Amino acid sequence: MSVFALKCIALYLMVLDHVGFYFVDYIPYGLYLFLRILGRCSYPLFLFCMTQGYRHTRSRKKYLLRLYLGSLFMTGFALFVDAVFPVEGFGYGFHNIFLSLFLVGILISTIEAFQKDKKTGLIMAGCIFILQFWFSIAPRYIPVLRNYNGDICTGIFPNLALNEYGLLFIILGIAMYFLYNQKETFTIVYLLFCIAQYSDEMLNGEGGVPIQWFMALALPFMLRYNGERGRSFKYFFYVFYPAHTFLLFYLANFVWG
């Protein structure tokens with residue numbers, strides 16, 4: 001199964017997940033839960049595809065730049081939608097998978113740089129720390145940032161802890177990259193991660209049904225990866241991601257709502 005095939009599956013599951021997310025008030029709870037469970041597989045698949053694409057890309061700098069520019073766009077787009085189409089409650093939400101994938105790529109490059117040259121790796125790690133420090137103090141020196149929450153600020157100054165799915169999934173992405181040729185180890189690490197997600201939701205959830213651990217269903221697809229890229233539609237996703245979230249948001253709030 002190629003990266004293209006895996007991305008298609010992830011894309012389909014992402015749409016189903018967001019249908020449940022936006023139409024929660026208009027569909028039966030059982031259907032909502034089913035859609036959200038299926039959607040738990042989407043992000044891990046995208047994460048896996050990113051790590052394999054990052055391994056084979058011709059220019060990592062351009063790859064990371066595209067992801068960072070995507071993060072900036074989604075940050076501005078979220079502000080635009082909430083300002084022009086205000087609704088009560090959660091609103092459009094903050095969708096920024098580009099930010100998370102960008103952070104995975106940065107950390108992978110830092111680790112590999114350290115393996116080749118410790119001085120270079122430490123310098124890169126220091127730059128990451130400076131970025132985290134700047135995130136915390138930026139509102140003091142850029143007054144306009146005081147009007148926005150952490151989700152907006154991290155879209156501009158990427159924060160390792162504050163991103164879609166959080167730091168643990170960044171670490172999972174790194175594990176996907178470095179365990180690529182160790183399928184048995186990758187399998188058990190991924191399954192243990194899923195178990196940890198179940199435990200976390202049981203302890204820290206809001207009393208609902210734990211669903212994130214269903215991301216285990218994505219594992220068979222990853223294990224079928226054949227090392228081929230397949231067809232390329234990298235720019236399609238950069239357009240489809242904001243387009244489909246806005247369409248579903250608009251339909252849920254201004255057509256059905």
Side-chain angles (χ1 to χ4, degrees), residues 2-3 6-7 10 42-72 74 96-136 150 153-197 200 212 215-216 218-219 221-223 225-229 234 237:
S2 67
V3 166
L6 291 173
K7 281 185 177 180
S42 177
Y43 180 64
L45 286 173
F46 277 125
L47 198 57
F48 182 82
C49 290
M50 179 270 163
T51 61
Q52 301 314 310
Y54 199 65
R55 183 185 306 278
H56 300 294
T57 185
R58 295 178 181 177
S59 174
R60 289 189 169 185
K61 291 181 180 179
K62 291 182 179 179
Y63 196 109
L64 291 174
L65 179 60
R66 286 197 303 270
L67 290 173
Y68 180 65
L69 291 178
S71 173
L72 289 178
M74 289 305 301
N96 200 341
I97 191 176
F98 302 124
L99 170 65
S100 302
L101 300 182
F102 170 79
L103 288 169
V104 171
I106 288 291
L107 294 188
I108 287 173
S109 290
T110 301
I111 293 171
E112 288 191 327
F114 184 80
Q115 291 174 333
K116 295 178 181 178
D117 179 58
K118 289 182 172 56
K119 181 178 180 181
T120 301
L122 289 174
I123 291 174
M124 292 178 67
C127 290
I128 292 174
F129 172 76
I130 291 173
L131 180 61
Q132 307 310 292
F133 179 71
W134 179 245
F135 170 87
S136 65
C153 292
T154 194
I156 304 171
F157 306 108
N159 185 279
L160 289 171
L162 188 59
N163 56 81
E164 194 151 359
Y165 289 92
L167 176 61
L168 286 179
F169 277 79
I170 302 298
I171 297 174
L172 177 63
I174 296 171
M176 287 178 173
Y177 180 85
F178 286 102
L179 296 178
Y180 165 66
N181 290 318
Q182 306 173 50
K183 287 191 175 182
E184 291 183 355
T185 303
F186 169 75
T187 297
I188 192 60
V189 167
Y190 187 82
L191 290 176
L192 288 173
F193 186 90
C194 296
I195 294 171
Q197 289 299 303
D200 180 65
Q212 187 57 53
M215 61 183 279
L219 180 60
F221 296 104
M222 298 177 195
L223 294 178
Y225 172 59
N226 58 16
E228 298 181 3
R229 186 181 74 169
K234 59 184 179 182
F237 180 67

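This is a predicted model, so every value here is computed, not measured. Hydrogens, waters and symmetry mates play no part in the numbers below; they use all other heavy atoms, side chains included.
The heavy-atom pair separating Ser71 from Phe98 by the smallest distance is N-CB, 3.7 Å. Considering all non-hydrogen atoms of both residues, Ile174 and Val104 come closest at N-CG1, 4.3 Å. Scanning both residues, Lys7 and Cys49, for their nearest heavy atoms gives CG-SG, 3.7 Å. Across every non-hydrogen atom of Met215 and Tyr190, the tightest pair is O-OH, 2.8 Å. When all heavy atoms of Phe178 and Ile108 are compared, the closest pair comes out as CZ-O, 4.3 Å. Smallest separation of non-hydrogen atoms from Ala10 and Ser42: O-OG, 2.9 Å.
A cation-pi contact, defined as under 6.0 Å to the ring centre and within 45° of the axis, is absent between Arg66 and Tyr68.
Heavy atoms from other residues, nucleotides or ligands lying under 6.0 Å from CZ of Phe129 number 12 at most. Annotation for Arg229: atom CZ does not count as buried by contact number, only 12 or fewer foreign heavy atoms lying within 6.0 Å.
Residues Leu168 and Gln197 form a side-chain contact, since some pair of their non-hydrogen atoms from C-beta on lies under 4.5 Å apart.
Considering CE of Met176 and CG of Leu45, their distance stands at 8.0 Å, rounded to 0.5 Å. For the atom pair CG (Leu6) and CG (Asn226), the distance works out to 8.5 Å, reported to the nearest 0.5 Å. For the atom pair OH (Tyr63) and OG1 (Thr57), the distance works out to 7.0 Å, reported to the nearest 0.5 Å. From Ile171, atom CD1 reaches atom CG of Leu103 across 12.0 Å, with rounding to the nearest 0.5 Å. Atom CD in Gln212 sits 10.0 Å away from atom OH in Tyr43 (nearest 0.5 Å).
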N/O donor-acceptor pairs under 3.5 Å from side chains in residues 180-188, not counting sequence neighbours:
| from | atom 1 | to | atom 2 | distance (Å) |
| --- | --- | --- | --- | --- |
| Lys183 | NZ | Leu223 | O | 3.3 |
| Thr187 | OG1 | Lys183 | O | 2.7 |

Between side-chain atoms of residues 153-166 and protein atoms elsewhere (two or more places apart, or another chain), which donor-acceptor pairs fall under 3.5 Å?
| from | atom 1 | to | atom 2 | distance (Å) |
| --- | --- | --- | --- | --- |
| Thr154 | OG1 | Asn159 | N | 2.9 |
| Thr154 | OG1 | Leu162 | O | 2.8 |
| Asn159 | OD1 | Ala161 | N | 2.8 |
| Asn159 | OD1 | Leu162 | N | 2.9 |
| Asn163 | OD1 | Gly166 | N | 3.4 |
| Asn163 | ND2 | Asn159 | O | 3.1 |
| Asn163 | ND2 | Leu160 | O | 2.7 |
| Glu164 | OE1 | Asn96 | N | 3.0 |
| Glu164 | OE1 | Ile97 | N | 3.3 |
| Tyr165 | OH | Arg40 | NH1 | 2.9 |

Which donor-acceptor pairs under 3.5 Å do the side chains of residues 112-128 make with protein atoms, sequence neighbours left out?
| from | atom 1 | to | atom 2 | distance (Å) |
| --- | --- | --- | --- | --- |
| Glu112 | OE1 | Arg60 | NH1 | 2.7 |
| Glu112 | OE1 | Arg60 | NH2 | 3.3 |
| Glu112 | OE1 | Tyr177 | OH | 3.4 |
| Glu112 | OE2 | Tyr177 | OH | 2.5 |
| Asp117 | OD2 | Thr120 | N | 3.0 |
| Asp117 | OD2 | Thr120 | OG1 | 2.5 |

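Partners of Glu228 according to the salt bridge (Lys or Arg N to Asp or Glu O under 4.0 Å) rule, which considers only residues two or more places apart in sequence or in another chain, do not exist here. With sequence neighbours left out, Leu64 forms a side chain to side chain contact (heavy atoms under 4.5 Å, CB included) with Tyr54, Phe102, Ile106. For Leu65, the side chain to side chain contact (heavy atoms under 4.5 Å, CB included) partners two or more places apart in sequence, or in a different chain, are Leu69.
Here Phe48 and Phe221 keep their ring centres 6.0 angstrom or further from each other.
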